[in-house]
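Below is one structure, written out as structure tokens; the observations come after it.
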Amino acid sequence: MKYMELLLIKDFFTKYKKIDFIKRIDDNVFELSFDKEPFIFDLNRNESAIYQAKLSKKDYNAPFDFMLKKYLNSTNISKISLLPNNRVLVFKLNAQRAYKHYESLIYFEFTGKNTNVIITDTKNIIIEALRHIDKSYRVIKPGLKLESLKPFKMDNKNIEITNFKEYFQNKFKAINNKKMQNTKENKILQINKKINALKENLTSLQSENECLERALNLSKKADILFANLSKLKDYEREFSLLDFEENIINFKLEYSPKESANLFYKEAKKAKQRAKNINIQRQNLNDKLKFYENLKELLSKAVSLFELEILLPKKTSQRTKQEKKEGDIAYFYFNDYKIGVGKNENGNELLLKSAKKDDLWFHVKNFSSSHAILYTNKQKISEEVVQFTAKICVNFSNLKPGTYLVDYTSRNFVKIRQKAFVNYTNFKSINIIKE
């Protein structure tokens, strides 16, 4: 955010007389309503700006957010100023409550790496701040006097804003496109790491034939040793014997012939079991690989930061534990709604068993597809959430690009025939395009 831009914006805001409300809608993003006209104050580091846009909103209940509501909602604007040689926009406000009159200042610091929002009283004693700072020449903590920032030499290059509506809209587009690009690249990089790791694991897997051949060779060597135990001494370690087809087999043992024969049998049994498990392991790895490739494709085609965060949210310990516990199901969170999609047949079965009767079940019509469950918690479901769940259902199914009908109904109307094969009634359908 440039100093001269803020100077012009400060002059623009002087026409407003009241702040209807201010609330934090993301970690460092605020929505302010001036005389019922909304603006976004984006205090993200290195990307701070003021613009107008409709954004998804989170709820915050920290002490800072309580103080925002207490001191700044429904307040009259006494004065707006820009600190000399600093990108700090200051609003002086007064509010008449039922039993008390408040006067306060709010500092919006659009200062590159160290952005902040600070509420003070008229004597500049800090009431609360977005970021508390301990280790600095300028400590930010409630109860302390707010120290002024050191002035910087600003670029005083002349800037002209002829149409503020266009300016605020274009500013959002520029900020949003940059965030989109960076976020998308970072999330795809995360997925690529997972895909490469899965491919390495697949490559390193032995084939079933290799394991079975090893089991056969170990069993054969054990049989030969047991057949010749009467001729061998316990201390013998290196010798040659004839197999049952009169071929010479060389032995070099670590233990006695009898102990070695028993060990060969045990290793042969393990090799046979490994051969049985390899196919299951390979299928699991391929299921995961297919899931992450589909997720990568969805991320690459996402059109908003909101969608990117739904598809690959930041990890929380609670969600990480849940993923480990139920690895055959992928979960997504659309605002207050949880969506589950089966990564494989086992995941589809688990979804069907765990869903409640009022949850919505999704499946691609006339195709073998993933099952998806929209957990409703008996709430009214918007068309937007239904559309997104259907999109998830299609894109995590092994389907070619095209247009598909997705059927959805309450879990109560889905009857399990066998495993993940079902019959269902009372359904609606929605068209989804897979690009």
If you measure from [atom1] on [X] to [atom2] on [Y], what distance do you get to the nearest 0.5 Å?
X	Y	atom1	atom2	value
I432	T403	CD1	OG1	9.5 Å
I106	I119	CD1	CD1	5.0 Å
L72	D20	CG	CG	12.0 Å
Y408	C393	OH	SG	13.0 Å
S354	I373	OG	CD1	7.0 Å
I339	I329	CD1	CD1	13.5 Å

Pairs involving residues 164-175, ordered by first then second residue, that meet side chain to side chain donor-acceptor pair (under 3.5 Å) (sequence neighbours left out):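 As it turns out, the side chain to side chain donor-acceptor pair (under 3.5 Å) pairs with a partner in residues 164-175, which skip direct neighbours, are E5-Y167, E5-K171.
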Pairs where residues 38-50 contributes a residue and the test side chain to side chain donor-acceptor pair (under 3.5 Å) is met, not counting sequence neighbours: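 For residues 38-50, and leaving out neighbouring residues, the side chain to side chain donor-acceptor pair (under 3.5 Å) pairs sorted by first residue read N28-N44, D42-N44, D42-Y51, D42-K179.
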Backbone N or O of [Y] within a donor-acceptor pair of the [X] side chain at under 3.5 Å?
X	Y	answer
N86	V88	no
T120	I125	no
S429	L405	no
Y337	L374	no
N176	F172	no
R87	M1	yes
T376	K378	yes
K141	H132	no
H371	A420	yes
D26	V29	no

CA sep, side-chain torsions, deciding dist, call: T111, N116, side chain to side chain contact (heavy atoms under 4.5 Å, CB included): CA-CA 8 Å; T111 48; N116 210 342; over 6 Å; no
Student check: side-chain heavy atoms of I22 and F41 closer than 4.5 Å: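 Side-chain contact under 4.5 Å: no.
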Heavy-atom side-chain proximity of E293 to I191 below 4.5 angstrom: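 SC-SC contact between E293 and I191 ruled out.
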Can a donor-acceptor pair be found between the side chains of [X] and [Y] at a distance below 3.5 Å?
X	Y	result
T115	R131	yes
Y107	N124	yes
S256	E259	yes
N192	Y292	no

Residues, nucleotides or ligands: over 12 heavy atoms within 6.0 Å of [X] [atom1]:
X	atom1	answer
F164	CZ	yes
Y255	OH	no
I248	CD1	no
N250	CG	yes
E37	CD	yes
K10	NZ	yes

K194 bridged to E200 by N-O distance under 4.0 Å: no
E31/K57 salt bridge by N-O under 4.0 Å criterion: yes
Salt bridge (Lys or Arg N to Asp or Glu O under 4.0 Å) contacts in which one or both residues fall within [range], not counting sequence neighbours:
range	result
residues 421-435	none
residues 59-70	R24-D65
residues 348-366	K365-D407

With sequence neighbours excluded, what pairs up with [X] under the salt bridge (Lys or Arg N to Asp or Glu O under 4.0 Å) test?
X	result
R214	E267
D287	none
K301	E297
K187	E309

Shortest non-hydrogen contact from I118 toward R138: CD1-NH2, 4.0 Å
Closest approach of F64 to V117 (non-hydrogen atoms, all atoms of both residues):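 Result for this residue pair: CE1-O, 3.8 Å.
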Criterion side chain to side chain contact (heavy atoms under 4.5 Å, CB included) on F334 and S56, from CA distance to verdict: CA-CA 10 Å; F334 192 108; S56 58; over 6 Å; no
Of all pairs that satisfy ring-ring contact (aromatic ring centres under 6.0 Å, His included), the ones with a partner from residues 185-214, not counting sequence neighbours: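 Sorted pair list comes back empty.
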L311 and F388: CA distance, side-chain angles, deciding distance, side chain to side chain contact (heavy atoms under 4.5 Å, CB included) verdict: CA-CA 11 Å; L311 293 170; F388 184 80; 4.1 Å; yes
Stepwise salt bridge (Lys or Arg N to Asp or Glu O under 4.0 Å) check, D328 with K343: CA-CA 5 Å; D328 293 325; K343 295 181 182 179; over 6 Å; no
K150 to F152, cation-pi by 6.0 Å centre distance and 45° axis angle: no
Lys NZ or Arg CZ of K338 over Y331 ring: under 6.0 Å, within 45°: yes
Listed partners of Q379 passing side-chain hydrogen bond (donor to acceptor under 3.5 Å, both in side chains), at least two apart: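 Listed in chain order: nothing, the list is empty.
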Donor-acceptor contacts, no H, no angles, side chain residues 215-235, under 3.5 Å, sequence neighbours left out:
| residue | atom | partner | partner atom | Å |
| --- | --- | --- | --- | --- |
| N217 | ND2 | E213 | O | 3.3 |
| S219 | OG | A215 | O | 3.1 |
| K220 | NZ | D243 | OD2 | 3.2 |
| D223 | OD1 | Y265 | OH | 2.3 |
| N228 | ND2 | I224 | O | 2.7 |

F30 and F108 aromatic ring geometry - parallel, tilted or perpendicular at 30°/60° bounds: perpendicular
Residues I50, F13; criterion side chain to side chain contact (heavy atoms under 4.5 Å, CB included); working and verdict: CA-CA 11 Å; I50 298 173; F13 279 139; 4.2 Å; yes
